[in-house]
Amino acid sequence: MSDTPKFILGSGSPRRRELLAQIGVVADDIRAPDIDETPLKNELPRPYCTRITTTKAAAVQAQANDIVLCADTTVSLGRRILGKPVDADEATAFLRLLSGRRHKVITAVAVKRGDKMWQRDVQSTVRVKALSETEIAAYIATNDWQGKAGGYAIQGPAGAFIPWISGSFSAIVGLPLSETAGLLQAAGYPLYKDHT
Ligand SMILES: Cc1cn([C@H]2C[C@H](O)[C@@H](COP(=O)(O)OP(=O)(O)OP(=O)(O)O)O2)c(=O)[nH]c1=O
């Protein structure tokens with residue numbers, strides 16, 4: 001038996017796969033969790049995000065020695081959760097809501113190994129400039145909003161709408177790399193080979 005644990009990415013998000021590759025982590029297997037992401041009645045964004053992440057991690061089947069990573073990115077405007085828009089009309093409505101103000105992006109990460117679970121969540125603030133109807137319509141036409149929480153992606157054309165952030169860029173894209181590295185090491189993932 002090999003000592004190196006198998007690493008399972010419990011996410012279908014190509015962004016998360018690419019962000020992990022940035023720190024040299026390549027999954028042995030990808031198992032996208034299929035869970036109900038409906039918020040509970042009156043559920044606030046941060047508890048929602050951590051609950052969804054834990055639920056994703058619990059839903060991924062793995063062997064006792066495997067290391068599983070799951071995450072969730074939630075966009076919040078005050079107490080309101082802006083999920084993935086169902087269509088172009090909803091994406092347009094989200095962009096109108098976000099225009100000219102600040103909102104929060106929360107990304108929670110969970111790493112599971114056997115019956116142990118390690119978790120972190122990172123909250124960032126994003127300012128969106130005041131958007132004209134022309135800008136919103138042009139962005140919607142790119143289809144880049146599809147599958148993105150809040151209806152935009154900072155790493156795509158919507159980057160032109162974001163003059164300022166506070167927090168973690170990688171967390172806004174989908175996975176806070178510094179916290180993720182810490183969780184993987186806590187779970188015994190051999191992230192850094194000894195070069196001393
Ligand atoms: C705010 C924002 C979100 N997003 C994306 C990251 C996530 O993929 C997505 C939020 O949906 P999530 O439910 O977090 O993830 P997912 O459904 O894409 O993948 P899985 O549950 O299998 O892990 O929004 C960006 O890519 N850029 C951004 O700026």
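Whatever order the structure lists them in is the order used to number ligands and atoms, beginning at 1. The residues of the chain are indexed from 1 along the displayed sequence.
Ligand 1 lies out of reach of G150, whose nearest heavy atom is not under 4.0 Å from it.
Two rings, from H103 and Y152, have their centers less than 6.0 Å apart.
For Y189, the ring pair (Phe, Tyr, Trp, His ring centres under 6.0 Å) criterion is met by F7, not counting sequence neighbours.
Closest heavy-atom approach to atom 26 (O) of ligand 1 among the candidates Q155, H103, Q146, R31: Q155.
Taking a cutoff of 4.0 Å between a charged side-chain nitrogen and a carboxylate oxygen, D72 and K56 qualify as a salt bridge. With respect to K84 and E90, no salt bridge is recorded, no charged nitrogen being found less than 4.0 Å from a carboxylate O.
For the pairing with Y139, the side chain to side chain donor-acceptor pair (under 3.5 Å) check across T92, D144, T134 returns one residue only, D144.
Close approach of ligand 1 to R16 is summarised as follows: ligand atoms under 4.0 Å from at least one heavy atom of the residue are 7 (C), 12 (P), 14 (O), 15 (O), 16 (P), 19 (O), 20 (P), 23 (O). Residue K56 has at least one heavy-atom neighbour below 4.0 Å for each of these atoms of ligand 1: 12 (P), 13 (O), 14 (O), 15 (O), 20 (P), 21 (O), 23 (O).
Residue V105 has no nitrogen or oxygen atom sitting less than 3.5 Å from a nitrogen or oxygen atom of ligand 1, judged on distance alone. Where the criterion is an N or O separation shorter than 3.5 Å, residue side chain and backbone included, A32 fails it with respect to ligand 1. Of the N or O atoms in D72, one or more lie within a sub-3.5 Å distance of an N or O in ligand 1. Considering backbone and side-chain atoms alike, V173 places an N or O below 3.5 Å from some N or O of ligand 1.
In summary, the side chains of Q119 and T54 do present a donor paired with an acceptor at a separation below 3.5 Å, with no hydrogens or angles considered.
Only the side chain of R15 comes within 4.0 Å of ligand 1, counting heavy atoms alone; its backbone N, CA, C and O stay farther away.
Scanning the protein for heavy atoms near atom 11 (O) of ligand 1, the closest one is K84 CE, 3.0 Å.
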